[in-house]
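Heads up: the structure comes next, in structure tokens.
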Protein chains: 4
Amino acid sequence: MSNGPNKDEVLQYINRIERLEEDKKSVSDDIKDVYAELKNNGYDAKIIRKLVSIRRKSKEERKEEEALLELYMSAIGME
Amino acid sequence: MSNGPNKDEVLQYINRIERLEEDKKSVSDDIKDVYAELKNNGYDAKIIRKLVSIRRKSKEERKEEEALLELYMSAIGME
Amino acid sequence: MSNGPNKDEVLQYINRIERLEEDKKSVSDDIKDVYAELKNNGYDAKIIRKLVSIRRKSKEERKEEEALLELYMSAIGME
Amino acid sequence: MSNGPNKDEVLQYINRIERLEEDKKSVSDDIKDVYAELKNNGYDAKIIRKLVSIRRKSKEERKEEEALLELYMSAIGME
DNA sequence: AAGGAGCCGTTGCGCC
DNA sequence: GGCGCAACGGCTCCTT
């Protein structure tokens, strides 16, 4: 960027971002749909939501542990 | 759903949700990338961010007012 | 705070917070009362509620735009 | 309310509501202040927050149990 | 490292 | 009494 902000460039960035945010909203809506569907089929959305959350946490923890392990291994020259 | 929750069904729902959440994260990351890019090109991310935010809010407000109008109309039987 | 958490201090904080939360609930109830009253007087609570919401949003938006202006000005060294 | 909505009345209701919402926000801010203060004094806000939450839940439970007890007592004619 | 802003999930509230 | 929505509070990330 030379000579101050370029209007067209700025608008292009904004458009790209807004387009992506729409995509994001679209995916969020899809997720809502799945919960609605499973609710309609007699499942408890609240509980499924909890399950998903727990699995996410566990996954993160596993990654943490993995990272820690790698750290140790590199520390002792086993990389 | 008859005879209690079906394990496979539950797992399928969870998998669909987790897949969608990955998509969502992916899109979020794309957005981050755009901000990083525009920053690298000398633009002020903070300002662009606020512009995007204001445009979104304005849009929402327009929708709100439209909704109010419809509410009035339905209230006076013009639906 | 020296030598670990002091029981009395903690309890005092908690009490202050709980007292404030009661105040807050009390105010919320007052708001509910106003809606109930206006409804009893023949007004449409739903519409009033939306009006209040739109006014709040508009106000926020105005603040946002002000903030953007300040941001621009500080960006060009006019702070 | 006769002869349709009265503009002044509507505005008065809105003003009352907006005034109360300001009060509410003010109390919320006070609560935030307490947390900030306790944090500055070396306490862990997150933990205190948890304590407050637990106490609230316990209180609700106690009320529940009390209500249940009264229900039983009235059921056996001990009201 | 601390503070603030934006995002997300949860809760509460009114409506049906 | 359940549903859906809007508001609130908490969490995370990013910046200073």
Side-chain angles (χ1 to χ4, degrees), chain A residues 17 20-21 24-25 27-29 31-33 35-40 42 44-54 56-57 60, chain B residues 17 20-21 24-25 27-29 31-33 35-36 39 44-54 56-57 60-61 63-64 67-68 71 74-75, chain C residues 17 20-21 24-25 27-36 38-39 43-54 56-57 60 63-64 67-68 70-71 74-75, chain D residues 17 20-21 24-36 39-40 42 44-53 56-57 60:
Chain A
I17 292 164
L20 287 167
E21 292 194 342
K24 197 173 157 191
K25 186 178 186 316
V27 180
S28 294
D29 290 345
I31 294 174
K32 269 195 212 170
D33 288 347
Y35 280 110
E37 181 185 334
L38 97 224
K39 190 171 188 177
N40 281 335
D44 185 327
K46 202 174 170 182
I47 289 179
I48 305 282
R49 209 173 275 277
K50 208 87 192 170
L51 285 174
V52 170
S53 149
I54 287 172
R56 181 169 41 226
K57 293 240 180 75
E60 282 163 15
Chain B
I17 292 164
L20 287 167
E21 291 194 342
K24 196 174 157 189
K25 186 175 186 319
V27 178
S28 294
D29 290 344
I31 294 174
K32 272 192 213 169
D33 289 346
Y35 279 110
K39 192 172 184 177
D44 184 328
K46 203 172 169 185
I47 288 179
I48 307 280
R49 205 174 277 277
K50 202 161 269 292
L51 283 173
V52 171
S53 150
I54 285 173
R56 181 170 41 229
K57 294 266 175 64
E60 279 167 15
E61 194 179 339
K63 281 192 178 180
E64 279 287 303
L68 179 62
L71 198 56
S74 86
Chain C
I17 291 164
L20 287 167
E21 291 195 340
K24 198 172 155 192
K25 186 179 186 317
V27 179
S28 294
D29 290 344
D30 288 348
I31 293 174
K32 270 194 218 169
D33 288 346
V34 178
Y35 279 109
L38 100 221
K39 194 171 185 177
Y43 289 98
D44 185 328
K46 202 173 170 184
I47 288 178
I48 306 281
R49 203 172 281 277
K50 201 160 269 294
L51 283 173
V52 170
S53 153
I54 285 174
R56 180 171 42 230
K57 296 264 175 65
E60 280 165 15
K63 282 193 176 179
E64 280 286 304
L68 178 62
E70 282 177 26
L71 199 56
S74 87
Chain D
I17 292 164
L20 287 166
E21 292 194 341
K24 197 173 157 189
K25 184 178 188 317
S26 163
V27 179
S28 293
D29 290 344
D30 289 348
I31 293 174
K32 271 193 210 167
D33 289 346
V34 177
Y35 280 110
K39 188 173 186 177
N40 281 336
D44 184 328
K46 202 172 169 184
I47 289 178
I48 306 281
R49 209 172 275 276
K50 206 89 193 167
L51 285 174
V52 170
S53 148
R56 182 169 40 229
K57 293 247 177 72
E60 282 163 15

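Keep in mind that the numbers below use all heavy atoms, side chains included, and drop hydrogens, waters and symmetry copies. First the proteins, then the strands, lettered A, B, ... as listed; each starts at 1.
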When the distance from CD of Glu60(B) to C1' of dC7(E) is rounded to whole Å, what number comes out?
13 Å
If you assign each of Lys46(A) and Lys46(C) to its closest nucleotide in DNA chain E, which residue comes earlier from the 5' end?
Lys46(A)
On a heavy-atom basis, which atom in Val27(D) and which in Leu20(C) lie closest, and how many Å separate them?
CG1-O, 3.3 Å
Restricting to salt bridge (Lys or Arg N to Asp or Glu O under 4.0 Å), what partner residues turn up for Glu60(C), sequence neighbours left out?
none
I need the CD1-C1' distance between Ile17(A) and dG6(E), as an integer number of Å.
14 Å
Spacing of Asp33(B) atom CG relative to dC13(F) atom P, expressed in whole Å:
15 Å
In short, Ala45(A) meets Leu38(A) closest at the heavy-atom pair CA-CD2, 3.8 Å
Protein-nucleotide distance (Lys25(A), atom NZ; dC7(E), atom P), rounded to Å:
14 Å
Can you tell me the distance, in whole Å, between the CD1 atom of Ile31(C) and the C1' atom of dG12(E)?
13 Å
Could you state the atom-to-atom distance from CG of Leu51(D) to C1' of dG10(F) in whole Å?
16 Å
Rounded to the Å, how far apart are Leu71(C) CG and dT15(F) C1'?
13 Å
Assess whether atom NZ of Lys46(B) is packed by more than 12 heavy atoms of other residues, nucleotides or ligands within 6.0 Å.
no
Quickly work out the Ile47(D) CD1 to dC11(F) P distance and round it to whole Å.
12 Å
What nitrogen or oxygen pairs link the protein and nucleotides 2-8 of chain F at under 3.5 Å?
unit_1: dA7(F); atom_1: OP1; unit_2: Arg56(C); atom_2: NH2; d: 2.7
unit_1: dC8(F); atom_1: OP1; unit_2: Lys24(D); atom_2: NZ; d: 3.3
unit_1: dC8(F); atom_1: O3'; unit_2: Lys24(C); atom_2: NZ; d: 3.4

Only counting residues at least two apart or in another chain, list the ones meeting salt bridge (Lys or Arg N to Asp or Glu O under 4.0 Å) with Lys39(C).
none
At what distance, to the nearest 0.5 angstrom, does NZ of Lys24(A) lie from CD1 of Ile31(B)?
5.0 Å
